[in-house]
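To keep things clear, I will list the structure first and then write my remarks on it.
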Amino acid sequence: MLNRQHIFQTIDRATKRLCQGFKNYHSSQHAFHPFEEIPQPKPISVHQSMLSSLCRERPYEAIEIFRTQILQSGVSSIDEVVVAIGLKACRGDVKLGCQMHGLAIFSGLDSFLTVSNSLMSLYCKAGFFEEAFGMFENLSSPDIVSWNTILSGFQCSKKGVEFAIQMHREGVAFDAVTYTTVLAFCSSVDELNILGIQLHALIFKHGLDTDTFVGNALVTIYARWARMSEAERVFAEIPDKDLISWNSMLSGYNQEGNCGLEAIWVFVEMVREGLKLDRVSFASVVAACGHERNLNFGIQLHSLILRTGCSAYVSVCNVMMSMYSKCEAVSEAKEVFESMIERNVISWTTMISIDEEKALSHFREMRLDGVPPNEVTFVGLIHAISIKNTVKEGQAIHGQCTKVGFSFKQPVSNSLITMYAKFGSMEDSMKVFSEISFRELISCNALISGYVQNNMFQEALQAFQTTILETKPNEFTFGSVLSAIGAAEPIPLSHGQRCHSRIIKLGLETNLVVSGALVDMYAKRGSIEDSRKIFEEIPQKSLVAWTSIISAFARHDDFKSVMDLFEKMEIGGVQPDSITFLAILTACSHKGMVDTGLRVFNSMVRNNQIEPSQEHYSCVIDMLGRAGRLKEAEEFIHRMPMKPGISALQSLLGACKMYGNVEMGRRAAEALMELEPMESGSYVVMSNLYAERGEWEKVARIRKGMRDKGVKKEVGFSWVDVNDSMLMHGFSSDDKSHPQTRNIYRTVEFLAAEMRFLETRHGSMRDVEDDLALAM
DNA sequence: CTAGGGTTAG
């Protein structure tokens with residue numbers, strides 16, 4: 001394991017040195033001037049070396065030189081090598097290539113294999129594979145380069161591998177290039193990884209694993225399969241490591257997800273080796289830095305990138321934007337965007353996902369800029385609109401997606417499901433879901449969590465049960481379904497227990513999200529012992545875990561446990577957040593520990609720099625109110641920086657009722673009725689308050705007001721689990737809707753009689769009977 | 001003839 005502190009200190013030193021040394025780093029330019037000084041006609045060898053050095057870096061100049069030569073000295077002044085290099089310089093430009101092809105036929109140089117090979121390569125690159133393949137089939141004696149050229153032309157990895165197998169059957173001996181090409185095919189298809197390993201064995205047998213190109217390809221495939229130890233082993237055995245070898249390692253660590261630090265470490269070693277870093281190195285290391293959320297190092301990298309001139313690359317700027325946004329430095333990200341001369345889809349998409357407020361206007365600008373959006377753009381845009389909660393815009397974008405044919409792309413559908421769920425219209429979510437061709441887990445998770453968000457817990461459970469028939473659930477699936485079971489009284493706890501056993505089977509019980517959700521679910525469903533057991537078995541207790549268990553005990557009014565756990569949490573070095581404090585305040589309030597509660601509230605603001613929310617204020621008001629400190633409670637409401645919400649007013653009203661304060665109660669109730677005129681609660685409490693004082697006229701006025709506005713009192717429900725069904729059975733007092741009502745009531749009477757009988761013997765069943773009578 | 005990077009839904 002690497003020591004973070006140590007690494008970052010080392011990186012700091014290394015990059016500082018690098019910044020100083022970089023001034024003369026990229027100044028070396030290729031020198032071509034001697035070419036001009038050689039008089040015409042220039043010997044062929046001069047052209048060969050000139051063109052081959054130019055064609056990589058500046059192909060158009062190479063083509064120009066080629067043209068001048070033909071015009072000045074005729075076709076006879078060139079040979080097959082020059083034509084081959086000239087073709088290379090065309091870089092997949094078919095028009096130029098065709099001209100060159102004509103020239104080759106005209107000069108008779110097309111009979112040379114090198115020229116045919118170069119032509120085939122050109123046609124492959126230009127996307128005319130059929131053309132190239134036709135040429136290949138007409139070759140009387142293709143060499144390994146001809147084979148490799150065709151092999152590399154395959155767009156589909158599987159077809160490419162088939163061709164390689166055919167090569168093998170026909171007795172073509174593989175060389176380093178063949179292996180490299182086939183390995184590249186293997187790395188892009190999962191099922192081919194066994195073949196990749198077999199190839200590695202063959203490569204090893206032929207001693208080709210020390211070839212830089214082959215080694216790089218091996219490093220790349222191992223990195224892509226997240227087998228970094230193997231990648232490292234191959235890497236160590238490459239004698240002539242080039243920049244690509246290093247970059248492959250760097251990106252390999254990046255791909256593994258949480259190995260950002262290792263990636264940065266590789267970068268530092270690259271710096272130490274004195275390598276000339278390029279845009280790919282920077283793109284990778286900046287991504288790693290974003291992963292690590294290390295803004296300081298990111299700024300150092302940024303300056304390094306500016307010094308090396310790599311800031312001219314769109315790709316590097318794109319990843320810098322993303323890094324800054326991950327480090328929560330949005331203005332820096334925007335600055336990078338503004339400074340860019342050229343922007344591509346990724347630049348715009350990144351900007352759209354960073355700045356959700358202006359997402360739509362960025363999208364419009366993007367269209368005006370002539371950059372066509374892709375599916376990722378729509379994912380970002382839909383996400384931004386979900387956050388903004390602008391239904392009209394969402395529908396418009398959905399329409400746009402459909403128009404450009406993106407709405408059936410997997411990621412887009414998934415974001416649409418989430419968006420409609422956020423809008424509260426599950427019908428639309430379901431519609432999108434049902435139109436998906438292949439239901440991957442992410443789509444199911446999106447749907448389940450959508451149901452939970454909209455309080456449709458049974459539907460969530462149902463969707464979960466369909467999901468587990470189709471695929472293996474993951475931590476997100478369980479996170480959602482457990483919260484559904486925790487929140488929904490009518491779902492029997494046995495479903496939660498079944499989930500729990502499934503979680504254990506899948507080895508997910510120590511997962512951060514899942515363990516927290518389990519603790520929470522058991523606590524909400526009354527099984528605090530299970531909550532505690534699960535909590536204690538979590539090896540590394542996270543903030544979520546601590547908060548879950550504290551809230552669990554708070555919900556059970558176990559003040560002592562709450563405070564014990566809170567202390568242990570702080571000793572354990574885990575910083576409480578606003579939700580933790582909310583749980584503690586709840587516990588204080590329920591136990592009447594007003595002064596402790598106030599102390600906690602103040603320390604939250606002062607020591608932990610947490611801005612109290614509406615809920616925190618309500619909790620304190622509730623606490624003061626319950627203790628009869630009504631004046632302070634009302635003062636507290638006035639002290640709130642925001643408009644007092646429903647729960648704060650309800651708390652105050654409740655306290656007024658408890659202590660019979662009609663005046664204050666009226667103020668609270670009026671504020672409440674204004675906030676939610678259709679809720680019966682405040683009317684009922686107020687009329688009861690007046691009733692207790694005998695002010696019947698006022699009671700009547702309130703009752704009439706309720707009737708006029710159409711406010712109805714909600715009926716309370718209880719639940720009973722019948723035969724471990726999917727749903728529990730709900731019933732209210734005086735409920736006669738069940739077909740077996742008569743039998744049910746007879747049973748209740750029997751039970752009541754039995755209790756009376758037992759009471760005469762034990763004398764302690766009074767309460768239970770009262771409860772039962774109430775339930776009727 | 002061959003190789004490396006960036007945006008992304010829960």
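To find a chain, count down the sequence lines: A is the first, B the second, and so on, and within it residues start at 1.
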Starting at atom CD1 of A/Ile352, determine the distance to atom C1' of B/dT7, rounded to an integer number of angstrom. 10 Å

Using a heavy-atom cut-off of under 4.0 Å over every strand shown, decide if A/Asp143 touches base, sugar-phosphate, or nothing. nothing

Measure the distance from CG on A/Asn254 to C1' on B/dT7 and round it to the nearest whole Å. 14 Å

Measuring from the side chain of A/Asn318 (C-beta onward, heavy atoms only), which nucleotide among B/dG4, B/dT7, B/dG6 has the closest atom? B/dG6

Among the nucleotides B/dC1, B/dG6, B/dG4, which one has an atom lying closest to any side-chain atom of A/Lys88? B/dC1

Test of ring centre spacing under 6.0 Å for A/Phe363 and A/Phe378: yes

Could you tell me whether the side chain of A/Arg227 reaches within less than 4.5 Å of the side chain of A/Ile221, counting heavy atoms only? no

Remember a base hit wins even if backbone is also touched, and classify A/Leu183 as base, sugar-phosphate or nothing at under 4.0 Å, heavy atoms. nothing

Rounded to whole Å, how long is the line connecting atom NE2 of A/His362 with atom C1' of B/dT7? 15 Å

Heavy-atom check, side chain of A/Phe133 versus side chain of A/Tyr123, under 4.5 Å: no

Over all strands shown, is A/Thr180 touching base, sugar-phosphate only, or nothing at heavy-atom distances under 4.0 angstrom? base

Nearest whole angstrom, please: distance from the P of B/dT2 to the CE of A/Met167. 13 Å

Whole-Å distance between B/dC1 P and A/Arg91 CZ? 11 Å

Salt-bridge present (A/Arg343, A/Asp369; N to O < 4.0 Å): no

Of all the nucleotides listed (B/dC1, B/dG4, B/dT2), which has the minimum atom distance to the side chain of A/Phe213? B/dT2

Please report, rounded to the nearest Å, how far the P atom of B/dC1 is from the CG atom of A/Leu113. 13 Å

Stepwise ring pair (Phe, Tyr, Trp, His ring centres under 6.0 Å) check, A/His200 with A/Tyr222: CA-CA 11 Å; A/His200 189 173; A/Tyr222 281 124; 5.5 Å; yes

Separation of B/dT2 P from A/Met120 CE (nearest whole Å): 12 Å

Can the ring centroids of A/Tyr179 and A/Phe213 be said to lie less than 6.0 angstrom from one another? no

Mind checking if A/Val319 touches a base, just sugar-phosphate, or nothing, with heavy atoms under 4.0 Å? sugar-phosphate

Can you pull every protein N or O that's under 3.5 Å from an N or O on nucleotides 8-10 of chain B?
unit_1 : atom_1 : unit_2   : atom_2 : d
B/dA9  : N3     : A/Asn414 : ND2    : 3.4
B/dG10 : O3'    : A/Ser449 : OG     : 3.3
B/dG10 : N2     : A/Asn474 : ND2    : 2.8

Do the charged groups of A/Glu393 and A/Lys388 touch, with an N to O distance under 4.0 Å? yes

Please state how far atom CG in A/Asn148 lies from atom P in B/dT2, giving the value in whole angstrom units. 9 Å

